[in-house]
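Counting convention: from 1, in listed order, for ligands and their atoms alike.
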Amino acid sequence: MAVNGAKYYVDSCQSNPSYRLYRFFWRLVDWIYPPRCAGCGCLGNRWCRDCQSKIREIYPPYCQKCGIPTKGGKICLNCNSSEPKYDAIRAYAFYEEPLRSALHRLKYHRDIALADLFALNLLNLFSRVQWDVDFITAVPLGVARLKERGYNQSALLAYPLSLATHIPYRSQALKRIRETESQVKLNIRERKENVSNAFYGNRDLVTGKNILIVDDITTTGATLNACASALKNAGANHVYGLTLARTYNNRNI
Ligand SMILES: [Zn+2]
Ligand SMILES: [Zn+2]
């Protein structure tokens, strides 16, 4: 899709009545409870212009598989040594301040209106990647973690994307069948082991389908890879991943 085509797509998505209603609800919440910026704490905006200006979006050239920046867009070392199960993943921006603080607030401090705001960035990214998908799903939480947190931040990003694009949202396509420990302190190999066989794809929903998985952050891509593996084992055709942020390490180039 050309740049104009992508812009037209985003504009038409934003005018979808169900999406407008969803956005209106969150604007109403902000009107009743004036928010503070999730990046710098200034009063009046959930996310201020100054913080937005500090975000470094990710544009090509990048690895055609995992989306990490590479010279000339060649496949990165990680994807070369072990081909991912997903077809491609892309992230909106680098995982660094102030976006890091905002995602932390979304994930751990119940600042769930941020998901509506950041879903717009995923919509813009989706308009550029031109993936043909049958439905959208989110990386699921385990039952215990969902109970403890009360919401799945990735689902809160995926749902408005579905409303805007009119692509169905299927929360039951993937299940987490094993609780996994936090990936934060694990290295690449440990992350792979930690999430391997943690997910299960619902064959009735996924067979023959092209699926988009949404997650908040990707680091090594291990979680999305495990999800893609489960979906493909259950008969999925193509599996793509979109995340809001990704960590970046020059060693991957
Ligand atoms: Zn700010
Ligand atoms: Zn790669």
Which N, O or S atoms belonging to the protein are less than 2.8 Å from the Zn ion (ligand 1)?
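Sorted hits: Cys37 SG, Cys40 SG, Cys48 SG, Cys51 SG.
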Salt bridge between Glu96 and Arg56, side-chain N to carboxylate O under 4.0 Å?
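Looking at Glu96 and Arg56, the cut-off is met.
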Taking Arg105 first and then Asp111, would you say they form a salt bridge - that is, a charged N and a carboxylate O separated by under 4.0 Å?
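A salt bridge is present here (some side-chain N lies under 4.0 Å from a carboxylate O).
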Vertex the Zn ion (ligand 2): angle to SG of Cys79 and SG of Cys66, to 10°?
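SG of Cys79 and SG of Cys66 make an angle of 110° at the Zn ion (ligand 2), to the nearest 10°.
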Three-point angle Cys63:SG, the Zn ion (ligand 2), Cys76:SG, rounded to the nearest 10°
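With the Zn ion (ligand 2) as the vertex, the angle is close to 120°.
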Answer yes or no: are there more than 12 heavy-atom neighbours, outside Arg145 itself, under 6.0 Å from its atom CZ?
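Result for CZ/Arg145: enclosed.
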Output the distance between atom CZ (Phe118) and atom CG (Leu156), rounded to the nearest 0.5 Å.
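Result: 13.0 Å between the selected atoms.
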Single-linkage hydrophobic cluster Ile32~Phe25, side-chain heavy atoms < 4.5 angstrom
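In one cluster with Ile32: Phe25, yes.
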Donor-acceptor pair, Asn233 side chain versus Ser229 backbone, under 3.5 Å?
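Between the backbone of Ser229 and the side chain of Asn233 there is a qualifying donor-acceptor contact (under 3.5 Å).
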In terms of the angle between their ring planes, are Phe126 and Tyr9 parallel, tilted or perpendicular, with boundaries placed at 30° and 60°?
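The rings of Phe126 and Tyr9 sit tilted, inter-plane angle from 30° to 60°.
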